[in-house]
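Below is one structure, written out as structure tokens, with a few remarks after it.
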Amino acid sequence: MSKTYYITTPIYYVNDKPHIGHAYTTLACDVLARFKRLDGYDVMFLTGTDEHGQKVEKAAEVAGVSPQAFTDQVSQNFRDLTAKLNFSNDDFIRTTEDRHKAACQKIWSILRESGHITLGKYEGWYSVRDEAFYTETELLDGKAPTGAPVEWVEEPSYFFNLSAWQDKLLKFYEENPDFVGPESRFNEVKSFVKGGLRDLSVSRASFKWGVPVPGDDAHVMYVWLDALTNYVTATGWPVDGAAGDAEKHARLWPADLHVVGKDILRFHAVYWPAFLMAAGLPLPRRVFAHGWWTNEGHKISKSLGNAIDPNHLADIYGLDQTRYFLMREVPFGNDGIFSVPALAQRINGDLANDLGNLSQRVLSMIFKNCDAVMPALPASPSADDTALLASADELLALVRQHIDQQAFHEALRKIWQVISRANRYVDTVAPWALKKTDPVRMSEVLAVLAETIRQVAILAQPVMPDSAAKILDQLGVAADQRDFSVLDGKTRLASGQAIAKPEPVFPRFTDEG
Ligand code: ME8
């Protein structure tokens, strides 16, 4: 059986429409999921919506509908976005589903029965926007450290004994140096835990929109305990429940990677591992926290009304162009500044000029000068031929290394180095000039280029599935010859097949509309 790879996005709150930030996280997971599938893994890629809690309840109230009707509607926006942006998720979980409520109640019962959850009283600050508890000392100018407003809460509450897990968490971090990426964020997590942990309030008694606490209807579960549990729900856990699936759970859990934004790293790298240890479940292998996109340097917020709609980006600039830009522009882990000029520059530079022109020029020459039949590679390649092909053959190993570190920008940079090399090779060997002087050599040169483009296009599939497919179609690469087993020199582009008249894949972007 092939190796499995289980990757998750955060589940998004349904208080608002999806924006570029949500699209970004899911896109990164989609690229990883596609990459791993092409690299021979049996992939489970999960995304979904986080539908309980006070924030969603309040948003429904403002909209004047019941929380369930509201979440049905907003969750659909997130589901629609996955189709629109060509996300290949294998499941879409909603926390209002029965399978999830069963998992939440199961984890609760385990924690309660093993004495890790006890009843007490919460007195302190709460931010509905963050769905998080804060101490007096954490507040800055009467607000949460995130800038969110807080309110005073005094109510009976169940507590999880988080403080008891400090040493075990630190030991786990020590033994698993890759647990959190990037490293700088892992250091922040460790300092936070070293600073001491307080027991965590895990139920609310002042509203109803949540999973009922088993055996105590006056409480609903804290939305973060509910939300985090989604990652095990989707594996068919609890295995003895109505939606249980022992085989699936054993195959998928623990997850290989939770991708999150830096805002919610603490929940994933501290609370979640503690809940899991307490419940006797294995811990995820890695959590990666990416940075924050701003709109030309301004924080994206509902109140500023400056959210960037990913649907709009795909419509105006092209889907694969948008996907490429988001993955290439900013080192994954860093904050990023969204701007249209930066996007236009990537579209016209990297895509239209570098890759688009290369492929269009080479295919057009084959179409015109080789009777539209794919030429054969040289029997005795020149030093230039060998060097170019070697750089393409080395790519998979390099790209895989970067992808396994979630360094998408580096992976793409490596691919584009080969594209630049191919463009320099075209200029140096000038196949158009060989047409009259040495047509055999011309066809060999074009074959070397076509083979390079084949490998580049296969590796570009996870980021730009449609555009890469168009290039591979134009090269005459069969549909079953597009996974990574045909890379690194193991296979070469077939010759002798007819090719159709090539069409440019990446149009230039101009402002003129
Ligand atoms: O936190 N830049 O949901 P959420 C980059 N329901 N990424 C951004 C972003 C931005 N400006 N804005 C949002 C929640 N994100 C919880 C999660 S998981 C068990 C529960 C992305 O709707 C980023 O991934 O507030 C961030 O972590 C997530 O959206 C927060 O989504």
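Because the structure is predicted, anything quoted here is derived from the model rather than measured. Order of appearance sets the numbers: ligands from 1, and atoms from 1 within every ligand.
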(message) Quick test: of every protein heavy atom, which one is nearest to atom 13 (C) of ligand 1, and how far off is it to 0.1 Å?
(response) Trp292 CH2, 3.6 Å

(request) Please state whether Gly291 comes within less than 4.0 angstrom of ligand 1, counting heavy atoms only. (result) yes

(message) Distance under 4.0 Å to a non-hydrogen atom of Asp263: what atoms of ligand 1 satisfy this?
(response) 26 (C), 27 (O), 30 (C)

(request) Considering heavy atoms of the protein only, find what lies nearest to atom 29 (O) of ligand 1 and give residue, atom and distance to 0.1 Å. (result) His22 CD2, 3.4 Å

(request) Please determine if Arg37 and Asp90 form a salt bridge, counting it only when a charged side-chain N lies under 4.0 Å from a carboxylate O. (result) yes

(request) Identify the protein heavy atom lying closest to atom 3 (O) of ligand 1, giving its residue, its atom name and the separation to 0.1 Å. (result) Tyr13 CD1, 3.3 Å

(message) When you measure from the heavy atoms of Trp224 to every atom of ligand 1, does any distance fall below 4.0 Å?
(response) yes

(request) Could you verify whether a donor N or O on one side chain and an acceptor N or O on the other, from His298 and Asn306, lie under 3.5 Å apart? (result) no

(message) Would His268 count as a contact residue for ligand 1, given that I'm defining contact as a non-hydrogen atom of the residue lying under 4.0 Å from a ligand atom?
(response) yes

(message) Using a 3.5 Å distance criterion without hydrogens, assess whether the side chain of Asn230 forms a donor-acceptor pair with backbone atoms of Ala227.
(response) yes

(request) For Asp50, counting its heavy atoms only, list the atoms of ligand 1 lying under 4.0 Å from any of them. (result) 6 (N), 16 (C), 20 (C)

(request) Indicate yes or no: does Lys101 engage Asp226 in a salt bridge with an N to O separation below 4.0 Å. (result) no

(request) Under 4.0 Å, heavy atoms only, figure out whether ligand 1 is touched by the backbone of Lys299, its side chain, both or neither. (result) neither

(request) Can you pull out the closest protein heavy atom to atom 7 (N) of ligand 1? Residue, atom name and distance to 0.1 Å, please. (result) His290 CE1, 3.3 Å

(message) Whether Lys262 and Asp335 form a salt bridge (side-chain N of Lys/Arg under 4.0 Å from carboxylate O of Asp/Glu) is what I want to check.
(response) yes

(message) Under a 4.0 angstrom heavy-atom cut-off, which atoms of ligand 1 come close to Ile264?
(response) 1 (O), 17 (C), 27 (O)

(message) Under a 4.0 Å threshold between the charged nitrogen and the carboxylate oxygen, would Asp245 count as salt-bridged to Arg251?
(response) no

(request) Starting from atom 2 (N) of ligand 1, find the nearest protein heavy-atom neighbour and note its residue, name and distance. (result) Trp293 N, 2.9 Å

(message) Salt bridge or not between Glu410 and Arg413? Use side-chain N to carboxylate O under 4.0 Å.
(response) yes

(message) Heavy atom to atom 19 (C) of ligand 1, shortest distance: which of Tyr24, Tyr231, Phe338, Phe78 holds it?
(response) Tyr231

(message) Can you see whether Phe172 has Lys168 sitting over its ring - NZ or CZ less than 6.0 Å from the centre and within 45° of the normal?
(response) no

(request) Check ligand 1 against Ala227 and write out every atom of the ligand that is under 4.0 Å from a heavy-atom position of the residue. (result) 19 (C)

(message) For Phe179, does the six-membered ring have the charged nitrogen or CZ of Arg286 within the cation-pi criterion, i.e. under 6.0 angstrom from the centroid and within 45° of the normal?
(response) no

(message) Is the contact between His19 and ligand 1 made by the side chain, the backbone, both, or neither, using heavy atoms and a 4.0 Å cut-off?
(response) side chain

(message) Check contact between Lys262 and ligand 1, using heavy atoms of the residue and a distance below 4.0 angstrom.
(response) no

(message) Between Lys55 and Glu57, does any NZ, NE, NH1 or NH2 come within less than 4.0 Å of an OD or OE carboxylate oxygen?
(response) no

(message) Check this for me, if you would: do Asp80 and Lys84 make a salt bridge, where the nitrogen-to-carboxylate-oxygen distance has to be below 4.0 angstrom?
(response) no

(request) May I ask you to say whether Arg204 pairs ionically with Glu155, meaning some side-chain N is under 4.0 Å from a carboxylate O? (result) yes

(message) Parallel, tilted or perpendicular: which one describes the rings of Phe267 and Trp224, with boundaries at 30° and 60°?
(response) parallel

(message) Using a 4.0 Å cutoff against the non-hydrogen atoms of Pro10, which atoms of ligand 1 qualify?
(response) 18 (S), 24 (O)

(request) Could you find the nearest protein heavy atom to atom 17 (C) of ligand 1 and give me its residue, atom name and distance? (result) Ile11 O, 3.1 Å

(request) Could you list which atoms of ligand 1 come closer than 4.0 Å to a heavy atom of Thr25? (result) 21 (C), 23 (C), 24 (O)

(request) Distance to 0.1 Å, residue and atom name: give those for the protein heavy atom nearest to atom 28 (C) of ligand 1. (result) Tyr12 CE2, 4.1 Å

(message) If we only consider heavy atoms of Trp272, is any one of them less than 4.0 Å away from an atom in ligand 1?
(response) no

